[in-house]
Amino acid sequence: MKQSICLLGATGSIGDSTLDIIRQHPEKFSLFAVAANTNVGKMAYICDTFRPKVAVMGDSESRDELARRCKGLDIQFEWGEEAMCRIASAAEVDQVMAAIMGFAGLKPTLSAIRAKKRILLANKESLVTAGKLFMDEVARYGVTLMPIDSEHNAIFQCLPQDDHGFSKSHVSKLLLTASGGPFKDWSLEDMKKVTPSQACNHPNWSMGQKISIDSASLMNKGLELIEACWLFDMTPNDIDVVVHPQSIIHSMVSYEDGSVIAQMGVPDMKVPIAYGMSWPNRITTEVAQLNLMDVATLDFSQPDLVRFPNLKLAADAWFMGGTAMAHLNAANEVAVDAFLKKQIGFLDIATINARVLNELPVFPVTDLAKVFEGDRIARKLAQTFVQSGKYL
Ligand code: NDP
Ligand code: MG
């Protein structure tokens with residue numbers, strides 16, 4: 001039977017790749033609903049090409065403009081977070097691609113979980129910030145949670161699987177690979193002067209701006225470390241981050257008998273997306289087959305926590321528990337935004353993250369309100385640092 005998709009974050013990089021998989025397999029997938037924030041031009045193109053039943057924008061002006069541009073199309077146009085939650089939980093939907101950028105993705109993703117949809121999770125920030133509540137809801141509603149982040153998708157593929165998902169039997173460690181980003185070998189002195197366009201220029205992956213900056217600062221790997229802890233019920237002590245600049249091995253699982261199983265491929269998000277959408281089967285993706293002779297060499301090294309403190313901050317936040325992960329994520333979202341606007345330097349991102357993480361009291365996450373409160377106070381403190389410039 002055809003799977004009906006709700007695509008949250010349709011105008012983004014993951015949105016592009018998801019639409020491409022839907023385009024390639026019209027007999028397997030249909031697009032019921034799409035959501036984005038303010039990119040009306042791209043959304044109009046998506047509506048015209050894919051003809052979803054519902055399209056949701058972040059605000060009413062964007063919705064009105066989209067409706068004007070798509071006049072004559074049989075599409076319902078809505079706006080706002082509640083509408084995003086509605087399409088994510090609509091009866092017509094089988095699978096929800098959670099690909100909104102940042103903390104803004106949390107509520108619609110939770111709505112999809114509570115409506116028992118298959119969750120295709122790209123939006124790592126929602127899991128990082130609300131981790132325990134998020135996983136409790138996944139268990140309570142018995143939903144299939146497919147990691148789309150390439151590393152976590154790789155780990156899922158390398159773990160023993162049954163009809164319900166993965167098991168961890170005989171697993172000794174997870175090996176989370178990291179490209180090292182564009183500044184892998186740069187000195188701290190040179191990293192001080194990095195510009196947003198240099199930081200967005202990832203050597204192997206083409207991604208949205210925020211995740212590209214996170215990849216350059218290794219915050220992305222920090223968020224992924226926390227993401228892996230929640231997804232696979234591990235702690236940072238069970239996970240080694242391995243710098244592997246070619247991004248051919250997307251991650252590995254180490255077993256107690258000494259075996260290490262790796263998932264490899266050309267770095268293209270269409271592969272994990274298609275796997276998530278078709279699991280437990282596989283479908284074609286039009287992605288080039290990996291030619292190991294062309295790659296020739298695979299390198300591995302340890303991450304440098306002095307030049308890239310964000311990775312250590314993420315492990316610290318995990319052990320601090322409670323709202324600490326929401327604090328770190330919020331500080332980082334504010335700091336990355338300030339860096340993109342050239343208000344702070346590249347290395348200041350980690351400095352602000354550290355100050356916010358270490359200065360705010362941590363509370364247990366007993367309900368969603370605690371996560372939102374943690375996010376709010378951390379954003380406020382990070383903004384104060386950005387505006388005052390007093391964080392060194
Ligand atoms: P992009 O910046 O390319 O796209 C972000 C999408 O989210 C856009 O559709 C944007 O809409 C939408 N959006 C942003 N803010 C809001 C909001 N407040 N409400 C509703 N929609 C919003 O990001 P990516 O596609 O690169 O990443 C999306 C998520 O997937 C992130 O969480 C990222 O960490 C994760 N991810 C991405 C990978 C990648 O390769 N790109 C790999 C692994 C994970 P608009 O265009 O209108 O602003
Ligand atoms: Mg990743």
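First listed ligand is number 1; within each ligand, the first listed atom is number 1. Along the sequence shown, the residues carry numbers beginning at 1. Scope of the values below: all heavy atoms of this structure, side chains included, with no hydrogens, waters or symmetry mates.
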field: Short N-O contact, D214 and K210, less than 4.0 angstrom
entry: yes
query: Of the non-hydrogen atoms in D48 and R51, which two are nearest, and what is the gap between them?
result: O-NE, 2.9 Å
Flag, side chain of S62 to backbone of G58, donor-acceptor distance under 3.5 Å: no
message: Suppose we screen for ring pair (Phe, Tyr, Trp, His ring centres under 6.0 Å). Which residues come up paired with F103, at least two apart in sequence or across chains?
response: F372
- request: Check whether I249 and L290 end up in the same hydrophobic cluster, where Ile, Leu, Val, Met, Phe, Trp and Tyr are linked by side-chain heavy atoms less than 4.5 Å apart.
  value: yes
- request: If a pair satisfies side chain to side chain donor-acceptor pair (under 3.5 Å) and one of its residues is in residues 33-43, list it, with sequence neighbours excluded.
  value: D16-K42
- request: Spell out, as yes or no, whether a donor-acceptor pair under 3.5 Å connects the side chain of R63 to the backbone of M57.
  value: no
message: I'd like to know if E151 and K124 make a salt bridge, using a cut-off of under 4.0 Å between side-chain N and carboxylate O.
response: no
query: For ligand 1, what is the set of protein residues having any non-hydrogen atom at a distance below 4.0 Å?
result: G9, A10, T11, G12, S13, I14, A36, N37, T38, N39, M84, A99, I100, M101, G102, A104, A122, N123, K124, E125, D149, M207, G208, I211, M269
Atom pair OG (S212) and CG (N201), whose distance is rounded to the nearest 0.5 Å: 9.0 Å
- prompt: Distance below 2.8 Å from the Mg ion (ligand 2): how many protein N/O/S atoms qualify?
  reply: 3
